Amino acid sequence: MDLGLKNRVALVTASSQGIGFATAEAFAAEGCRLAMCGRNERTLATAAEKISKRWPAEILAEVCDVTDSAAVSRFVATTVTKFGTVDICVTNAGGPPAKEFLAVSMEDWHRAIDANFLSTVYFAREVIPHMQRNRWGRIITITSITTKQPVADLVLSNAVRAAVVGLVKSLANEFGKDGILVNNVGPGFTATDRLKELAKARSAASGKSEDEMFAAWAADAPLKRLGDPREVAETIVWLASERASYVTGQTILVDGGLYKGL
Ligand SMILES: NC(=O)c1ccc[n+]([C@@H]2O[C@H](COP(=O)([O-])OP(=O)(O)OC[C@H]3O[C@@H](n4cnc5c(N)ncnc54)[C@H](OP(=O)(O)O)[C@@H]3O)[C@@H](O)[C@H]2O)c1
């Protein structure tokens with residue numbers, strides 16, 4: 001299937017590892033020009049190198065902390081200087097720590113709001129004017145299954161990501177007339193470093209081994225396994241493509257069926 005993405009400019013944030021990295025690579029595989037970022041320069045450079053060894057993609061890899069609005073503004077400006085525009089913007093960031101409500105400090109709340117909500121606001125403010133000029137654009141947020149089904153001890157994610165869904169729906173409503181489609185993708189338990197951190201936290205709290213944690217997550221999903229970051233990435237690429245041209249304002253879970261609702 002031709003996804004119609006060749007030469008599109010795809011900016012993927014927090015893309016040096018995990019789901020962000022898999023997403024960046026999947027856009028490179030479709031012939032997109034790619035802008036990627038992360039905070040650690042070496043990890044980011046290694047990630048960009050890995051992609052450029054596999055795909056003949058033009059890549060801009062820039063250190064940018066997505067919680068810093070000035071840095072976001074500079075990153076988008078550099079992308080536009082190099083590639084002329086931004087067609088696709090995928091917003092991602094590291095996940096908040098696993099804690100129950102009374103263990104969460106106010107600093108934790110502010111950090112989660114900065115990383116997992118305001119970062120998307122910063123990028124949307126920067127990229128939408130370019131997309132309006134082109135009368136074409138895609139904004140895709142990476143959140144979590146917690147947008148549909150709260151997860152015990154992830155109160156930060158359960159609460160803060162709901163704001164992203166409200167933002168996604170609002171942007172979809174406001175900018176649909178400009179040809180800009182805005183959607184949200186919620187991964188279930190996906191095999192990345194983030195999941196290893198969660199397993200460690202749960203294991204310390206419960207006395208069960210990390211392997212038991214992974215096995216329990218896998219068993220809970222109808223597909224009886226964890227997700228692969230590439231499976232989340234493929235859904236994001238489809239949403240960005242011409243093949244999803246009448247889909248906007250939606251949250252799509254990539255969770256192996258883990259969400260228990262209708
Ligand atoms: N894996 C899962 O099972 C799962 C399930 C549901 C939701 N999610 C959510 O999906 C998102 C991605 O998860 P993941 O599993 O791919 O995480 P990951 O493996 O820990 O990777 C996180 C990536 O984000 C970058 N990053 C973190 N904070 C950043 C910041 N402030 N600015 C720029 N880059 C930043 C990291 O690089 P640097 O550290 O160098 O910045 C790294 O490249 C998270 O929000 C996570 O909560 C994951």
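A quick note: this is a predicted structure, and the numbers were derived from the prediction, not measured. The figures here come from the full heavy-atom set of this structure, side chains too, leaving out hydrogens, waters and symmetry mates. Every number for a ligand or one of its atoms is a count from 1 in the order of the listing.
- Sorted by first and then second residue, the side-chain hydrogen bond (donor to acceptor under 3.5 Å, both in side chains) pairs with a member in residues 90-104 read Thr91-Thr120, Lys99-Asp108; sequence neighbours excluded.
- Members clustered with Leu223: none, using a 4.5 Å side-chain heavy-atom cutoff among hydrophobic residues.
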Run through all N or O atoms in ligand 1 and write down each protein N or O closer than 3.5 Å, as a pair with its distance.
from     : atom 1 : to     : atom 2 : distance (Å)
ligand 1 : 1 (N)  : Thr190 : O      : 3.1
ligand 1 : 1 (N)  : Thr192 : OG1    : 3.0
ligand 1 : 3 (O)  : Gly188 : O      : 3.4
ligand 1 : 3 (O)  : Thr190 : N      : 2.7
ligand 1 : 3 (O)  : Thr190 : O      : 3.2
ligand 1 : 15 (O) : Thr192 : OG1    : 2.4
ligand 1 : 16 (O) : Ile19  : N      : 2.7
ligand 1 : 28 (N) : Arg39  : NH2    : 3.3
ligand 1 : 28 (N) : Gly94  : N      : 3.3
ligand 1 : 31 (N) : Asp65  : OD1    : 3.0
ligand 1 : 32 (N) : Val66  : N      : 3.0
ligand 1 : 37 (O) : Ser16  : OG     : 3.2
ligand 1 : 39 (O) : Arg39  : NH2    : 2.9
ligand 1 : 40 (O) : Arg39  : N      : 3.4
ligand 1 : 40 (O) : Asn40  : N      : 3.0
ligand 1 : 41 (O) : Arg39  : N      : 2.8
ligand 1 : 41 (O) : Arg39  : NE     : 2.7
ligand 1 : 43 (O) : Ser16  : N      : 3.3
ligand 1 : 43 (O) : Ser16  : OG     : 2.6
ligand 1 : 43 (O) : Gln17  : N      : 2.9
ligand 1 : 45 (O) : Ala93  : O      : 2.7
ligand 1 : 45 (O) : Arg161 : NH2    : 3.0
ligand 1 : 47 (O) : Arg161 : NH2    : 2.8
ligand 1 : 47 (O) : Arg194 : NE     : 3.2

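- Among pairs with a residue in residues 65-112, none fulfils ring pair (Phe, Tyr, Trp, His ring centres under 6.0 Å), at least two apart in sequence or across chains.
- Asp220 and Lys260 are joined by a salt bridge, as a carboxylate oxygen and a charged side-chain nitrogen come within less than 4.0 angstrom of each other.
- For the 3.5 Å distance criterion, the side chains of Asp65 and Thr67 qualify, holding a donor opposite an acceptor.
- Under a cutoff of 6.0 Å and an axis angle of 45°, Arg133 and Trp136 do not form a cation-pi pair.
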